[in-house]
Amino acid sequence: MTAAAEPESITELLQKLRAMVADGKGVPLSASVMIPRDQALELIDRCLDASPREVAEAREVLAERTQVLERTRLEAEQLLAEARRRAEAMIEQSELMQAAQAGAHSIRTQASEQANHLKRQTEDYIDRRLANFEIVLSDLLDQTRRGRQRLADSSEPRATEPRAAEPESAGDFFQPGEPGSSPDKHEEGEENGA
């Protein structure tokens, strides 16, 4: 079973009609030609019959083209909306990221300021304690020197005399009320004052 021949288009029929006119026998002393009347009329009728079909096909093609354009427009609008949504999400995420970074920077700054403040307080406290120790050690050094001087002054006459019955007690080196006689009191006083 052979497939049915496709109907000829208007263009093909008009080409056949043109070829018939071109190949027609010329009329002497005239530009007219002689062509088979029946064949020419048949081609013209076939053209007229094919016109509605061709128009219908053109309308179908036009409708399909319109549908394709509409579908393409909708897809383009969807792509544009999706791109806009993603751009807005990226901007929002970027703003959140910037806010988070600003918060982290603020926390780091506060922590650094607190650490510096504590460091200064610690250094001041250590400096005050060292100053107290310096005062106490200075007093002890003075008392030690005075004690040795008294010992030296008192030891010369004893070189020719018998040794004293009782040696000078160590408590005599430190006179009550002298600075540094009670280091703990100095230190406690400074600490309370601090």
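Any value given below was found using the heavy atoms of this structure, including those in side chains, with hydrogens, waters and symmetry copies removed.
- The closest donor-acceptor contact from the side chain of Asn116 to the backbone of Ser112 lies under 3.5 Å.
- The two atoms that bring Val21 and Ile35 nearest to each other are CA-CG2, 3.9 Å, heavy atoms only.
- At a threshold of 4.5 Å between non-hydrogen side-chain atoms, the residues Val68 and Arg65 do not count as touching.
- With Asp139 as the fixed residue, the side-chain contact (heavy atoms from CB on, under 4.5 Å) test singles out one of Leu137, Ile135, Val136: Ile135.
- Between Arg85 and Glu88 there is no salt bridge, since none of the side-chain N atoms of the basic residue sits less than 4.0 Å from a carboxylate O of the acidic one.
- Atom CD of residue Glu113 and atom CG of residue Leu118 lie 12.0 Å apart, to the nearest 0.5 angstrom.
- Two residues are said to be in side-chain contact when any heavy atoms from C-beta on lie closer than 4.5 Å; Pro36 and Asp38 fail this criterion.
- The structure places CZ of Arg71 at 8.0 Å from CD of Glu64, a figure rounded to the nearest 0.5 Å.
- Checked by atom type and distance alone, the side chain of Thr66 pairs as donor or acceptor with a backbone atom of Leu62 at under 3.5 Å.
- To the nearest 0.5 Å, atoms CG (Leu96) and CD (Gln101) are separated by 11.0 Å.
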Could you walk me through whether Glu95 and Ile91 pass the side-chain contact (heavy atoms from CB on, under 4.5 Å) test, one step at a time? CA-CA 6 Å; Glu95 291 177 350; Ile91 291 174; 3.8 Å; yes
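- With rounding to the nearest 0.5 angstrom, the CG atom of Asp45 is 8.0 Å from the CD atom of Glu42.
- A distance-only check finds no donor-acceptor pair linking the side chain of Ser138 to the backbone of Glu134 [under 3.5 Å].
- Ile10 and Ala50 get closest at one heavy-atom pair: CG1-CB, 3.8 Å.
- To the nearest 0.5 Å, the span separating CD on Glu92 from CE on Met97 amounts to 12.5 Å.
- Salt bridge annotation for Glu12-Lys16: absent, with no cationic side-chain nitrogen under 4.0 angstrom from a carboxylate oxygen.
- More than 12 heavy atoms of other residues, nucleotides or ligands shown are found within 6.0 angstrom of CD on Glu123.
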Mind running side-chain contact (heavy atoms from CB on, under 4.5 Å) on Leu17 and Ile44 for me, showing each step along the way? CA-CA 8 Å; Leu17 182 60; Ile44 292 172; 4.1 Å; yes
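- Taking Glu70 as the reference, Arg73 meet the salt bridge (charged side-chain N to carboxylate O under 4.0 Å, His left out) condition, with sequence neighbours excluded.
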Evaluation steps, side-chain hydrogen bond (donor to acceptor under 3.5 Å, both in side chains), between Ser30 and Ser32: CA-CA 5 Å; Ser30 173; Ser32 301; 3.3 Å; yes
Report the C-alpha distance between Gln121 and Asp124 in whole Å, list the side-chain angles of each, state the deciding distance to 0.1 Å, and finish with yes or no for side-chain contact (heavy atoms from CB on, under 4.5 Å). CA-CA 5 Å; Gln121 285 185 336; Asp124 292 342; 5.6 Å; no
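- A donor-acceptor pair under 3.5 Å is absent between the side-chain atoms of Ser106 and the main chain of Ala102, judged by distance alone.
- If you take CD on Gln67 and CD on Glu60, they are separated by 10.5 Å, rounding to the nearest 0.5 Å.
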side-chain contact (heavy atoms from CB on, under 4.5 Å) for Thr109 and His105? Distances and angles first, verdict last. CA-CA 6 Å; Thr109 302; His105 178 71; 3.7 Å; yes
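- At a threshold of 4.5 Å between side-chain heavy atoms, the hydrophobic network of Ile, Leu, Val, Met, Phe, Trp and Tyr places Leu14 and Met20 in two separate groups.
- Val33 and Leu43 fall within a single hydrophobic cluster, where Ile, Leu, Val, Met, Phe, Trp and Tyr are joined by side-chain heavy atoms under 4.5 Å apart, directly or via other members.
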